[in-house]
Amino acid sequence: MQSWFKKLGSIARESAGRAALFAKFLCLLHVTNTYIFSPTLVYGPSMLPTLNLTGDVVLSEYISHRLGKVGTGDVVLIQSPENPRKVITKRIMGMEGESVVYLVDPSRSYRSRTVVVPKGHVWIQGDNIYASNDSRNYGPIPYGLIQGKVWCRVWPLNGFGTL
């Protein structure tokens, strides 16, 4: 009977050790996915031809924007100013203090406007100006809505590489 209790104790210790290792792995995965980088599925017409209409998987890193290391030309993930539950992918066209010239309605005329991006904001636009809801519609967005910087495309494989 006593050897049975020893065996049970040994199994319980081994199980606890494996459960602790698994819990550490999950914590590491959570921290990496939340604060360092994660894969993200992006789709829609607004970033054509840079990103596919049917969807691309990109690696997004979450450190640069916290350190102020994003700039004009970077593709970023942004919490939508219109729907906080939605994350959108756009390109930064202007940082605070910069002047941005944009077409008001590119499908109907070549009329343009110039705007100076206010402090603490960025100007974002989709690469496909004919099918993008962006700063031309809702103005400059607060820098705090930037959630990450798109680093590279990982799927489809024929498009693998940095953006």
Side-chain angles (χ1 to χ4, degrees), residues 21-96 98-115 117-118 120-163:
L21 182 63
F22 185 67
K24 288 177 188 178
F25 171 74
L26 290 179
C27 288
L28 177 66
L29 190 62
H30 169 73
V31 168
T32 301
N33 199 36
T34 305
Y35 300 107
I36 301 174
F37 69 91
S38 72
T40 306
L41 174 64
V42 296
Y43 58 90
S46 71
M47 287 301 290
L48 283 170
T50 306
L51 298 171
N52 293 317
L53 177 67
T54 55
D56 287 340
V57 177
V58 296
L59 277 182
S60 306
E61 58 92 6
Y62 304 123
I63 298 171
S64 294
H65 76 282
R66 291 188 177 113
L67 301 175
K69 301 287 185 188
V70 293
T72 304
D74 289 338
V75 178
V76 292
L77 297 176
I78 301 160
Q79 182 179 355
S80 172
E82 294 178 322
N83 180 359
R85 293 181 178 189
K86 190 175 174 185
V87 175
I88 58 177
T89 307
K90 304 291 181 195
R91 187 177 303 275
I92 295 177
M93 300 303 285
M95 300 296 290
E96 66 179 56
E98 295 179 356
S99 292
V100 177
V101 178
Y102 67 97
L103 295 174
V104 177
D105 188 2
S107 60
R108 297 183 188 203
S109 74
Y110 292 108
R111 190 170 57 110
S112 65
R113 249 188 220 149
T114 303
V115 65
V117 181
H121 289 71
V122 294
W123 188 270
I124 58 165
Q125 284 182 205
D127 289 353
N128 182 1
I129 62 173
Y130 300 103
S132 182
N133 187 21
D134 49 36
S135 286
R136 293 172 298 152
N137 303 96
Y138 40 76
I141 63 149
Y143 190 87
L145 291 182
I146 297 175
Q147 294 191 342
K149 180 178 170 182
V150 175
W151 180 56
C152 72
R153 178 183 7 231
V154 295
W155 189 263
L157 290 176
N158 64 351
F160 184 85
T162 59
L163 294 180

Legend entry - Flag if over 12 foreign heavy atoms under 6.0 Å of OH, Tyr43: no

Inset, instruction - Could you tell me whether a side-chain N or O of Asp56 sits under 3.5 Å from a main-chain N or O of Leu51, the two making a donor and an acceptor? - result: no

Inset, instruction - In sequence, state the C-alpha distance, the side-chain angles, and the governing distance for Val42 and Met47, and then conclude on side-chain contact (heavy atoms from CB on, under 4.5 Å). - result: CA-CA 9 Å; Val42 296; Met47 287 301 290; over 6 Å; no

Inset, instruction - Can you see which heavy atom on Ser135 is nearest to which on Pro140, and at what distance? - result: OG-CA, 4.1 Å

Inset, instruction - Considering non-hydrogen atoms only, spot the tightest contact between Gln125 and Asp134 and give its length. - result: CA-OD2, 3.3 Å

Inset, instruction - Decide yes or no for Asp127 and Leu48: does some side-chain heavy atom of the first lie under 4.5 Å from some side-chain heavy atom of the second? - result: no

Inset, instruction - Would you check if Ile124 and Tyr138 make a side-chain contact, meaning some heavy-atom pair closer than 4.5 Å? - result: yes

Inset, instruction - For the residue pair Lys90 and Ile141, establish whether any side-chain heavy-atom pair is separated by less than 4.5 Å. - result: no

Legend entry - Validation row: Ser38, Tyr62 side chains within 4.5 angstrom (heavy atoms): yes

Inset, instruction - Indicate yes or no: does Lys149 engage Asp74 in a salt bridge with an N to O separation below 4.0 Å. - result: yes

Legend entry - Modelled atom types, side-chain donor and acceptor of Asn133 and Glu82, under 3.5 Å: yes

Legend entry - Donor-acceptor under 3.5 Å (Arg113 side chain, Arg136 main chain): no

Legend entry - Heavy-atom closest pair, residues Tyr143 and Lys69: OH-N, 4.3 Å

Legend entry - Least distance between heavy atoms, Pro81 atom then Ile88 atom: CD-CD1, 4.4 Å

Legend entry - Pairing residues for Tyr102 by the ring-ring contact (aromatic ring centres under 6.0 Å, His included) criterion, not counting sequence neighbours: Trp123

Inset, instruction - Search all heavy atoms of Thr72 against all heavy atoms of Met95 and return the closest pair with its distance. - result: OG1-CG, 3.8 Å

Inset, instruction - Evaluate the side-chain proximity of Val87 to Gln147: yes if any heavy-atom separation is below 4.5 Å, no if none is. - result: yes

